[in-house]
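As structure tokens, the structure follows; a few thoughts come after it.
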Amino acid sequence: MAKWDREKRILYHELSKFEEPDLREVVEPNLLRGIFPVDEIPRIDFDQKIIPISPPPAMYITDTTFRDGQQARPPFTPKQIEDLYVMLHRLGGRDGVIRQCEFFIYSARDREAVERCLAKDYRFPEITSWIRANRDDLKLVKEMGLKETGMLMSVSDYHIFLKLGWNRRRAFEEYLSLAKAALNHGIVPRCHFEDVTRADIYGFCVPLAKELMKLREESGIDIKIRLCDTLGLGVTYPGAALPRAVDKLVRAMIDDAGVPGRLLEWHGHNDFHKALINATTAWLYGCSAANGALMGLGERTGNTPVEALVIEYISLRGQHDGLDTTVITEIAEYMEKEIGIRIPPNYPFAGSEFNATSAGVHIDGILKNPEIYSIFNTEKFLKRPLTVAITDKSGMAGVVHWINTHLKLTGPRMVDKRHPGVAKIYKAIMKQYEEGRTTAIGADEMRRLARKYLPEYFVSDLQLLKQKAAEVAVHLIEELAERPEMRSMDPAKQEPLMEAFAEDNPFIQWVYVTNMEGRIITKLITQIVDRAKYPPVVIEDDYSDRPWFIGPLKDGKAHVTDFYVSRFTHQLAITVSAPIRNEEEQIVGILAADMKFDELAKMVEADGKNTV
């Protein structure tokens, strides 16, 4: 209970009956209203107990980019997951500082991504999964050959009573039963204590953890516990009280529940700008693993950034332990160019301008000695040399330096002062200052000038948009092709799904299925406004010579055509197709959809405004 102490001028944490270390059944949920008033900003109360730090013998980073990181954005393709996994392996280094990655395993697409990464046969990051509080899901884990899985165990009364409709006793028994089922399969259960920073720590969490540790002793199989700060409510202030105090949460698990620090993991969100400090504090008080996602991706405000944990790890340990920090830059570039994630320019360690100086006095200092305004040797550890913003004092040489640095032009691709485009850029810059400009030219402005006068160094916006649109379209068509109804090749089963597909996606112009002879077997399925534009004979034609038909038969993969103008709707379109396979994974038909590119592009642009 939080009560204002006038003398100490803090909200003082008074112990209540709910904080005794036994499972406490309550008729009504204990929502800790003294700390979490329903119509107010959450309170931070203190018990004034100071705990000394006690770091674990070994600290690790675990990654949730492919699980939590996907929950607030369009899903990655299996190829993108494979590429990022390889980069995480390189970033984590020989000692496996990035110890594990967790994956969804529910869809065929999820499982393909896992199989691609398993095929790499890396020791680290170890591949693990995540499942709901459902023992039937353990079959999927076993089928994938995974040794460990995360298991959802919501521990706050907010979740137990208000979401699940259970009481504490039922939740307690369900979670123990789920852990036993995992052990019976020989799978290491990683118990995700969801919403732990709003939970009754000594009335539910510690008793549950103690019972889990008993199961560990009986089975001889490790049981891990992930402390999930679901709403980012954890705090690190000295003397802060449970359930929000990160230090006391970690020590309650270690000291009172008997959980070895090596089996503890912290997973925090950034709702209150505390994700990184909370994760590193968990390390300092004995929790071995800190969980995060690349560029902080994740639900709502995101997770702890893995790249920030990497830098913090080195700062705390005083050594790299094989970590290759230069991969951070490769990951950032890949996410922007290949996935379309927009990283803010000033985003630490990865943004385009994170180490750029624009203030005149700072530029002067940098010219004298770069170390004056450099956080560390960013060129050595991130392959990102210190940069300065362009002004009227930069000269042609400064413009050339900016272009080659920011566009990463090397060797014969580098531009020099003699390039006509450089002269035009310099002239445009000087004109602004002659007209009274007093501020530095920003990176976005310079990039626009470079794009205008040096177009040969850029991929066109149209091509980028087509690439992103194609990724979305391929995901949609592959997902539909995997449905059992589609695999049946029975038009009566396929057509209702296809009609719903067209209705849900207004950019679909026409969706159809062909047999192996290239003959359409489904009825005419279009948008209502377009139906009259299609003559009935269109579904009787032989399409076996079309690229969208031939492509999937050749390589078994989805296919995207070049742009064309539809002869029916007279709109710019692309056709996306994918093979339909039977239960024996033999190709038995082709699913294809003609898509209005303008409408698809608008949707992609709206969804693609993903910022870190």
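Side chains are part of it too, since the values below use all heavy atoms of this structure and drop only hydrogens, waters and symmetry mates. Along the sequence shown, the residues carry numbers beginning at 1.
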Query raised in the report: Just by distance, with hydrogens left out, do Y202 and D22 show a side-chain donor and acceptor under 3.5 Å apart?
Result: no
Query - No-hydrogen, no-angle side-chain donor-acceptor test under 3.5 Å, S156 and D195 - result: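 A pair is found: one side chain offers a donor N or O, the other an acceptor, under 3.5 Å apart.
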Query raised in the report: Does E485 have any side chain to side chain donor-acceptor pair (under 3.5 Å) partners at least two apart in sequence or in another chain, and if so, which?
Result: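 Scan of E485 (side chain to side chain donor-acceptor pair (under 3.5 Å), adjacent residues dropped) gives none.
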Query raised in the report: With E312, which residues qualify under side chain to side chain donor-acceptor pair (under 3.5 Å), at least two apart?
Result: none
Side-chain donor/acceptor of [X] to backbone N/O of [Y], under 3.5 Å:
X: D157; Y: F161; value: no
X: R111; Y: I105; value: yes
X: N291; Y: T62; value: yes
X: D68; Y: T64; value: no
X: W283; Y: S288; value: yes
X: R487; Y: N582; value: yes
X: R226; Y: W266; value: no

For [X], which residues count as a salt bridge (charged side-chain N to carboxylate O under 4.0 Å, His left out) partner, sequence neighbours excluded?
X: E299; answer: none
X: K142; answer: none
X: E25; answer: none

Query raised in the report: Is the number of heavy atoms from other residues, nucleotides or ligands within 6.0 Å of CD (E583) greater than 12?
Result: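 Incorrect, the count does not exceed 12.
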Report task. Could you name each residue pair satisfying side chain to side chain donor-acceptor pair (under 3.5 Å) that touches residues 88-101, not counting sequence neighbours? Result -> R90-E330, Q100-E126, Q100-E148
**Report entry** Distance, nearest 0.5 Å, that separates CD of E265 from OH of Y60
**Finding:** 13.0 Å
Query raised in the report: How long is the span from the CG atom in L323 to the CD atom in E307, to the nearest 0.5 Å?
Result: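 Result: 12.5 Å between the selected atoms.
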Report task. Over all heavy atoms of both residues, which pair between F76 and T65 is shortest? Give the atoms and the distance, please. Result ->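 Heavy-atom minimum between the residues: CE1-O, 3.7 Å.
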Query - Option passing salt bridge (charged side-chain N to carboxylate O under 4.0 Å, His left out) with K248 (candidates D256, D47, D255) - result: D47
Query raised in the report: Taking D222 as the fixed residue, which of R190, R262, K147 is the one that meets the salt bridge (charged side-chain N to carboxylate O under 4.0 Å, His left out) rule?
Result: R262
Report task. May I ask you to check whether Y85 and F66 place their ring centres under 6.0 Å from each other? Result -> no
Report task. Decide salt bridge (charged side-chain N to carboxylate O under 4.0 Å, His left out) for E40 and R43; before the verdict, give the C-alpha distance in whole Å, the side-chain angles of both, and the deciding distance to 0.1 Å. Result -> CA-CA 8 Å; E40 270 291 353; R43 310 309 196 202; 3.7 Å; yes
**Report entry** Derivation of the salt bridge (charged side-chain N to carboxylate O under 4.0 Å, His left out) call for K79 and D83
**Finding:** CA-CA 6 Å; K79 177 65 165 59; D83 291 344; 2.9 Å; yes
